[in-house]
Each structure stands twice: as structure tokens, then as C-alpha cells.
Amino acid sequence: MVHLTDPEPTTRGLATTDAPAIRFGIHVTPDLAKGVIARTGARVEDFVLVPSSVRESFTQLRTRRVDVMLVKYSPHENDIAVGPPVGFDARAVLVGTDHPLASRDTVSVEEAAVYDAFDRPRGYPESVWDLIVPPRTPAGTPIRRVHTLTTQEALTHTLTTTRALHFSFRSVEAGLSPRIRAVPVSDLPSAPIALAWLNGAVLPAHVRTFIRAAQAGATWLPQAT
């Protein structure tokens with residue numbers, strides 16, 4: 001983990017500052033990012049929330065389309081700096097509403113391992129994917145990672161036309177199709193979430209201030225670059 005050292009857009013609410021909106025990379029739904037922002041005392045209106053797909057990994061940072069992004073499990077990429085955890089995301093499996101597990105309040109990893117799961121998208125860090133979709137259960141049962149994860153639409157199609165499931169997170173629930181249910185997993189620990197930025201990038205002062213505030217849980221006051 002790295003502690004920060006001095007190294008279509010949404011509406012902006014920057015009446016008290018000349019600083020531009022912070023471009024904040026998110027995945028699937030904005031709920032986690034909004035929670036991090038709220039805990040710093042900042043306003044969501046002072047950010048441009050930029051969604052990305054799982055296949056893009058760190059493309060947005062590397063192409064400088066975002067200033068900072070949320071990541072899970074502290075991926076190890078030489079060109080990406082990752083701070084300490086700023087929150088946690090509980091685990092869930094995604095299933096179609098007709099799936100045998102869809103009516104359950106919770107499921108275990110062992111129960112989930114009965115069904116086919118999804119393999120790592122091309123280019124996604126293998127070490128992180130092994131934490132999202134474990135290769136095997138604690139009892140040693142292999143998890144069959146056979147389906148290809150591509151788009152949200154393709155995922156929905158597979159989950160609603162087969163008995164496959166996808167190991168995921170509770171935070172995605174708000175963005176799911178009504179034909180998909182997120183069932184909490186009782187025996188997988190919540191995933192730590194952290195802020196990541198391009199290693200060696202000279203971040204504007206207000207971006208650095210936000211990152212520090214998110215890490216410390218302090219109140220963030222926007223300031224000009």
C-alpha cells in the first residue's frame with residue numbers, strides 16, 4: 001500500500017473554488033464512491049464519476065481519463081499507486097432469479113462451488129481475480145471458472161439462461177437487472193476498497209487533498225490547484 005506523498009461530465013458544484021471537478025473512476029454503480037466522498041465531507045457535485053468495465057482494469061488511469069479510481073484488494077501494478085483501505089465491500093454471488101440459490105438469504109462458498117463461475121477477463125490482474133473468484137473453496141473443492149466475463153449485458157444473459165453464478169460484491173446490487181439477484185456470501189470476508197492513482201503522476205492539490213482526507217476520514221475542503 002502507498003500513502004500519498006507530494007508526488008459525459010456531470011454537473012459541477014464548485015462555486016467556492018476554481019479547482020476543476022475530480023474525475024473519479026468507478027465500477028458498475030456509484031454507491032461505493034459516493035460513500036467515500038461523503039465520509040470526507042466533500043460534495044458529489046465536485047466530482048465526475050466515470051464508470052468503467054472490468055475489462056478495462058486501469059486503462060482510465062493509464063490514459064489519464066481519471067485522476068483517481070476505486071480498486072479492490074490492492075492490486076500490484078508497477079505503474080499504479082494504491083493507498084490504504086478507505087472502506088469495505090461485502091461479498092455476494094449474482095444469480096438469475098430462477099436459480100436454485102436465488103431464494104436464499106445467504107449462501108456459502110461450498111454451496112456456490114456446485115455451479116459454474118466466471119473466468120478472469122483478459123488483462124485483469126490474476127492475483128486480484130483469485131480473490132474475487134477463488135480457484136477452490138476452503139474445503140478444497142475446485143470452483144469451475146468456465147464462462148467468459150465480457151459485458152454486463154452478456155453476464156446478465158448467461159446468468160438468466162444457465163445455472164451459472166458470478167462471485168461479486170453487494171455494492172453492485174443497485175445496478176443489476178431485475179432478473180438478477182445478489183445473494184450474500186456468508187463465509188467470504190468483505191473486500192477492502194482503496195483509492196488508486198497513476199504512480200509518479202503530479203496530482204493537482206485538490207486531488208491530493210481528497211485522497212488524504214479519504215484515507216484519514218477527515219473533512220475535505222476543496223482548494224484551487
May I ask you to decide if [Y]'s main-chain N or O and [X]'s side chain share a donor-acceptor pair within less than 3.5 Å?
{"X": "Gln215", "Y": "Arg212", "value": "no"}
{"X": "Asp79", "Y": "Asn199", "value": "no"}
{"X": "Thr148", "Y": "Pro121", "value": "no"}
{"X": "Thr40", "Y": "Ala214", "value": "no"}
{"X": "Arg104", "Y": "Pro184", "value": "no"}
{"X": "Arg181", "Y": "Ala102", "value": "yes"}
{"X": "His206", "Y": "Pro20", "value": "yes"}
{"X": "Asp187", "Y": "Val109", "value": "yes"}
{"X": "Thr162", "Y": "Leu159", "value": "no"}
{"X": "Thr141", "Y": "Thr137", "value": "no"}

To check you understand the geometry: which heavy-atom pair defines the closest contact between [X] and [Y], and what is its length?
{"X": "Pro189", "Y": "Tyr73", "result": "O-OH, 4.3 Å"}
{"X": "Lys72", "Y": "Ala191", "result": "CD-CB, 4.3 Å"}
{"X": "Pro75", "Y": "Val82", "result": "O-CG2, 3.8 Å"}
{"X": "Val133", "Y": "Ala117", "result": "CG1-CB, 4.2 Å"}
{"X": "Ala182", "Y": "Ala92", "result": "CB-CB, 4.2 Å"}

query = Should the ring pair His147 and Phe118 be called parallel, tilted or perpendicular, given that the plane angle runs from 0 to 90° and is split at 30 and 60?
reply =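 Judged by the thresholds at 30° and 60°, the geometry between His147 and Phe118 is tilted.
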query = Where does the angle between the aromatic ring planes of His166 and Trp129 fall among parallel (under 30°), tilted (30 to 60°) and perpendicular (over 60°)?
reply =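 The arrangement is parallel - the two ring planes meet at less than 30°.
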In the structure I gave you, are the side-chain heavy atoms of [X] and [Y] within less than 4.5 Å of one another anywhere?
{"X": "Tyr115", "Y": "His99", "value": "yes"}
{"X": "Ile80", "Y": "Trp197", "value": "no"}
{"X": "Asp46", "Y": "Ile22", "value": "no"}

query = Hey, does the Lys NZ or Arg CZ of Arg91 hover above the aromatic six-ring of Phe169, less than 6.0 Å from the centre and inside 45° of the axis?
reply = yes
So, [X] and [Y], do they make that salt bridge, N to O below 4.0 Å?
{"X": "Glu77", "Y": "Arg62", "answer": "yes"}
{"X": "Asp89", "Y": "Arg170", "answer": "no"}
{"X": "Asp130", "Y": "Arg145", "answer": "yes"}

request  = State whether the number of non-hydrogen atoms from other residues, nucleotides or ligands found under 6.0 Å of Asp98 atom CG is greater than 12.
outcome  = no
task = Report, as yes or no, whether the 6.0 Å neighbourhood of atom CZ on Arg144 holds more than 12 heavy atoms from other residues, nucleotides or ligands.
result =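 Yes, CZ of Arg144 has more than 12 neighbouring heavy atoms, counting only those of other groups under 6.0 Å.
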request  = Could you verify whether a donor N or O on one side chain and an acceptor N or O on the other, from Asp31 and Ser171, lie under 3.5 Å apart?
outcome  = no
ask   = Using a distance-only test with no angle check, is there a side-chain donor-acceptor pair under 3.5 angstrom linking Glu111 and Ser108?
value = yes
